[in-house]
Amino acid sequence: MTAPLESGAATGPRTGGPRRRRVRSKPRLRGGAPLPLLVPALIGLVFLVLPLVALLIRAPWSSMPELLTSDEVWQALRLSLICATAATVVSMVIGVPLAWLLARVEFPGRGLVRALVTLPLVLPPVVGGVALLMALGRNGVVGQWLDSWFGITLPFTTTGVILAEAFVAMPFLVISVEGTLRAADPRYEEAATTLGASRFTAFRRVTLPLIAPGIAAGAVLAWARALGEFGATITFAGNFPGRTQTMPLAVYLALQTDPQAAVALSLVLLAVSIAVLAGLRDRWMTTS
């Protein structure tokens with residue numbers, strides 16, 4: 001004698017076994033794209049892709065190794081990698097707790113705080129550099145006390161480059177982590193606290209493993225944004241070779257004296273951007 005099937009279980013018409021649920025495919029529009037939409041779409045695609053293709057066509061491929069191994073280019077490349085990585089670390093140390101605060105804690109003015117956190121995304125980078133100079137410069141609101149009390153000078157130093165890049169890059173990480181926290185189920189953290197764990201222990205042992213993919217994606221975005229920062233860096237840290245001259249600044253300077261070197265550096269930044277998109281394809285892109 002066979003055991004009766006549980007109520008609600010579907011059976012096949014012949015075999016009597018459980019029926020497999022069919023996964024519905026995404027609906028697609030039938031027919032071709034209408035001409036009023038297709039033409040501007042193609043124009044937009046050409047507008048975005050053509051400059052990149054032109055960069056590849058005009059690249060001095062034969063002299064690329066020589067250009068990328070010159071002392072000036074190597075200094076800018078090394079400084080950019082170091083400063084972008086340091087800025088990403090700074091963003092993670094203070095940005096992840098800030099994202100957790102915005103996602104998990106109710107407090108008055110949270111919407112205003114979120115708007116202020118995301119303000120560097122829309123703020124012109126040069127304005128951000130001026131703001132940093134007014135705050136952390138030698139005569140700034142905080143910088144004057146750092147200079148008189150501790151002898152710390154931040155503008156026009158490598159540390160200034162890191163701070164400028166962190167200022168413009170950290171919002172990318174905060175937005176990514178906050179979105180991941182909002183999607184994560186808070187009941188796991190509540191269960192950990194009911195079992196005796198402190199809020200910090202629950203965050204460290206439960207929350208962090210849950211949001212690790214969001215932190216990684218935000219860190220990659222922040223690193224890429226820091227690597228390509230120009231306006232805030234040149235305003236707050238200047239353009240001193242070997243000390244504050246990063247790759248975007250070197251591209252701008254080389255464009256006036258050695259256009260081929262500018263194209264070579266631009267290709268390096270282009271390769272980094274493509275690598276970032278490739279690393280985030282599973283998060284942002286869906287397969288057809």
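Computed from heavy atoms alone, side chains included, the values below leave out hydrogens, waters and symmetry copies. We're numbering straight along the sequence, starting at 1. All values reported here derive from a predicted model rather than from experimental measurement.
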Open item on the list: Is there a continuous path of hydrophobic side-chain contacts, each under 4.5 Å between heavy atoms, that joins Leu154 to Phe156?
Closed with: no

Task: Between Ser91 and Thr88, a side-chain donor and acceptor under 3.5 Å - done: no

- [ ] Following the transitive rule for hydrophobic clusters with a side-chain heavy-atom cut-off under 4.5 Å over Ile, Leu, Val, Met, Phe, Trp and Tyr, establish whether Trp74 and Leu79 coincide in one cluster.
- [x] no

TODO: Give the cluster check for Val39 versus Val49: same hydrophobic cluster or not, with ILVMFWY residues linked at side-chain heavy-atom distances below 4.5 Å.
DONE: no

TODO: Run the salt-bridge test on Glu178 and Arg114 with the 4.0 Å N-O cut-off and return the result as yes or no.
DONE: yes

- [ ] Count the heavy atoms belonging to other residues, nucleotides or ligands that lie under 6.0 Å from CZ of Arg58, then report whether that count exceeds 12.
- [x] no

Open item on the list: Which residue in the set Thr246, Ile82, Leu249 passes side-chain contact (heavy atoms from CB on, under 4.5 Å) when paired with Val161?
Closed with: Thr246

Task: Crowding at CZ, Arg138 (>12 non-hydrogen neighbours, <6.0 Å) - done: no

- [ ] Verify the cluster assignment for Leu269 and Tyr252: are they in a single hydrophobic cluster under the rule of side-chain heavy atoms below 4.5 Å apart?
- [x] no

TODO: Start with the C-alpha gap between Leu121 and Ile175, add the side-chain angles, then the distance that decides, and say whether side-chain contact (heavy atoms from CB on, under 4.5 Å) holds.
DONE: CA-CA 10 Å; Leu121 291 176; Ile175 290 176; 3.2 Å; yes

Task: Atom of Ala192, atom of Ala202 and distance for their closest heavy-atom approach - done: CB-CB, 4.0 Å

TODO: Evaluate the side-chain proximity of Leu98 to Val177: yes if any heavy-atom separation is below 4.5 Å, no if none is.
DONE: no

TODO: Tell me, with the steps shown, if Glu189 and Arg104 meet salt bridge (charged side-chain N to carboxylate O under 4.0 Å, His left out).
DONE: CA-CA 11 Å; Glu189 301 173 54; Arg104 288 287 191 263; 2.8 Å; yes

Open item on the list: Atom CZ of residue position Phe47 - does it have more than 12 heavy atoms of other residues, nucleotides or ligands inside 6.0 Å?
Closed with: no

Task: Donor-acceptor under 3.5 Å (Arg110 side chain, Leu102 main chain) - done: yes

Open item on the list: For Val263 versus Pro60, what's the shortest heavy-atom pair and its separation?
Closed with: CG1-CD, 3.8 Å

Task: Tyr188 OH: over 12 foreign heavy atoms closer than 6.0 Å - done: no

TODO: Begin from the C-alpha positions of Val96 and Phe203 and carry the test side-chain contact (heavy atoms from CB on, under 4.5 Å) through to its verdict.
DONE: CA-CA 11 Å; Val96 173; Phe203 171 78; 3.9 Å; yes

- [ ] Please confirm whether the backbone N or O of Ile211 pairs with a side-chain atom of Thr180, one donor and one acceptor, at under 3.5 Å?
- [x] no

Open item on the list: Does any part of the side chain of Phe172, heavy atoms only, come nearer than 4.5 Å to the side chain of Val220, both counted from C-beta?
Closed with: no

Open item on the list: Could you go through Cys83 and Thr158, starting from their C-alpha distance and side-chain angles, then the distance that decides it, and tell me whether this counts as side-chain contact (heavy atoms from CB on, under 4.5 Å)?
Closed with: CA-CA 8 Å; Cys83 291; Thr158 304; 3.8 Å; yes

Task: Ile234 versus Gly231, closest heavy-atom pair with distance - done: CG2-O, 3.3 Å

Open item on the list: Side-chain heavy atoms nearer than 4.5 Å, only ILVMFWY residues, links allowed to pass through others: does that put Leu208 and Val174 together?
Closed with: yes

- [ ] Each residue besides Leu38 in its hydrophobic cluster should be listed here, by chain and number; the cluster joins Ile, Leu, Val, Met, Phe, Trp and Tyr at side-chain heavy-atom distances under 4.5 Å.
- [x] Leu42

TODO: I would like to know whether Thr157 and Thr244 meet side-chain contact (heavy atoms from CB on, under 4.5 Å); could you show each step before the answer?
DONE: CA-CA 6 Å; Thr157 62; Thr244 64; 5.5 Å; no

